[in-house]
Amino acid sequence: MTGEEDAAVVANREDDRWVALLAGDVDRLDDLLHDRLGYGHSSGARDSKADLLAKVDDGSLRYLRVDREVLDTVVVGDTALLVATMSADIELAGRPVALESVTLSVWVREADGWRLLAFQPTPRPPGA
């Protein structure tokens, strides 16, 4: 595959991840996430794959709305970096939270496809 083709595949996987998060689809997320996932949150907290899947499964983390704009995708070998803006409404332990972030998603190519290895949002002021 070319870098552009890989970037398109990663973009599709990233879209699938957000659809799965919005749907609370733990099985789909399990397929998309790397076993060594590091999932950062705007609060500074960090989850492993097992932690994130448990929170989505028990409803303590619910994504209600996500709007994203991909700013850049860079593929180098078997690693892809996807930078985007994100505006989201979530529920965290039953409390509503509004998020405005710039995000970095790190995807790695495995033998059977691309998996999300790391996600890190950086909070930004609304409209910035």
Side-chain angles (χ1 to χ4, degrees):
M1 276 192 187
T2 67
E4 287 181 13
E5 291 169 329
D6 284 331
V9 170
V10 168
N12 286 335
R13 298 283 284 179
E14 181 80 353
D15 289 345
D16 288 350
R17 177 174 72 92
W18 288 109
V19 169
L21 279 168
L22 285 162
D25 186 342
V26 174
D27 291 333
R28 182 67 180 134
L29 286 170
D30 186 49
D31 180 56
L32 292 164
L33 305 178
H34 194 280
D35 288 341
R36 305 235 5 235
L37 174 73
Y39 194 92
H41 297 277
S42 297
S43 66
R46 183 176 157 97
D47 284 331
S48 67
K49 178 179 178 177
D51 294 335
L52 181 64
L53 292 177
K55 288 178 181 178
V56 171
D57 191 41
D58 72 13
S60 61
L61 174 61
R62 293 183 54 221
Y63 282 82
L64 306 173
R65 177 193 63 84
V66 176
D67 296 315
R68 300 177 309 111
E69 179 184 351
V70 175
L71 303 175
D72 196 15
T73 304
V74 177
V75 178
V76 178
D78 292 333
T79 304
L81 306 176
L82 191 143
V83 178
T85 59
M86 177 186 78
S87 174
D89 294 318
I90 67 169
E91 281 185 6
L92 186 58
R95 294 186 346 257
V97 178
L99 302 173
E100 295 288 337
S101 303
V102 175
T103 64
L104 174 63
S105 301
V106 180
W107 290 82
V108 292
R109 186 188 341 249
E110 303 258 286
D112 60 346
W114 290 89
R115 301 277 183 277
L116 182 71
L117 178 63
F119 175 73
Q120 185 62 54
T122 300
R124 67 182 170 99

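Atoms CG and CZ, from Leu99 and Arg65 in turn, are 9.0 Å apart once rounded to the nearest 0.5 Å. Remark: Thr73 OG1 to Leu81 CG distance equals 9.0 Å, nearest 0.5 Å. Atom-to-atom distance recorded for Arg17:CZ and Leu22:CG is 10.5 Å, nearest 0.5 angstrom. With rounding to the nearest 0.5 Å, the separation of OG in Ser42 from CG in Leu92 is 10.5 Å.
Nearest heavy atom pair, residue Trp114 against residue Val9, reads CD1-CG1, 3.6 Å. Contact detail for Leu116 and Ser105: the closest heavy-atom pair is CD1-CB, 3.8 Å. What you find for Arg62 and Leu64 is that their closest heavy atoms are NH2-CD2, 3.5 Å.
Hydrophobic cluster membership is shared by Leu33 and Leu61, with clusters built from Ile, Leu, Val, Met, Phe, Trp and Tyr side chains linked at under 4.5 angstrom. Residues Leu117 and Leu53 fall into different hydrophobic clusters, defined by Ile, Leu, Val, Met, Phe, Trp and Tyr side chains chained together at heavy-atom separations under 4.5 Å. Both Leu21 and Val26 belong to a single network of hydrophobic side chains, linked directly or stepwise wherever heavy atoms of I, L, V, M, F, W or Y lie under 4.5 Å apart. In terms of hydrophobic clustering, with Ile, Leu, Val, Met, Phe, Trp and Tyr side chains grouped at heavy-atom distances under 4.5 Å, Leu37 and Trp18 are assigned to a common cluster. Cluster annotation: Met86 and Trp107 are assigned to the same hydrophobic cluster (Ile/Leu/Val/Met/Phe/Trp/Tyr, side-chain heavy-atom contacts under 4.5 Å, transitive).
Between Val56 and Leu29 there is a side-chain heavy-atom pair separated by less than 4.5 Å. With a 4.5 Å cut-off on side-chain heavy atoms, Thr85 and Arg124 count as touching.
By the 6.0 Å contact criterion, CZ on Arg46 is open, its count of non-hydrogen atoms from other residues, nucleotides or ligands being 12 or less.
Evaluation of the side-chain contact (heavy atoms from CB on, under 4.5 Å) rule for Asp35 yields Lys49 as partners, not counting sequence neighbours. Partners of Asp51 according to the side-chain contact (heavy atoms from CB on, under 4.5 Å) rule, which considers only residues two or more places apart in sequence or in another chain, are Asp47, Ser48. Checked against side-chain contact (heavy atoms from CB on, under 4.5 Å), Arg28 has the following partners two or more places apart in sequence or in another chain: Arg13, Asp16, Ala20, Asp25, Asp31, Leu32. Residues meeting the ring pair (Phe, Tyr, Trp, His ring centres under 6.0 Å) test with Tyr39, sequence neighbours left out: His41, Phe119. Every side-chain contact (heavy atoms from CB on, under 4.5 Å) that Glu110 has, sequence neighbours left out, goes to His34, Val108, Asp112, Arg115.
Looking only at distances, a side-chain donor or acceptor of Arg109 sits under 3.5 Å from a matching main-chain atom of Gly77. When atom types are taken as modelled, the side chain of Ser101 and the backbone of Thr103 share no donor-acceptor pair closer than 3.5 angstrom.
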TODO: Could you walk me through whether Val106 and Gln120 pass side-chain contact (heavy atoms from CB on, under 4.5 Å), step by step?
DONE: CA-CA 9 Å; Val106 180; Gln120 185 62 54; over 6 Å; no

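When hydrophobic side chains of Ile, Leu, Val, Met, Phe, Trp and Tyr are connected at separations under 4.5 Å, Val76 ends up clustered with Val74.
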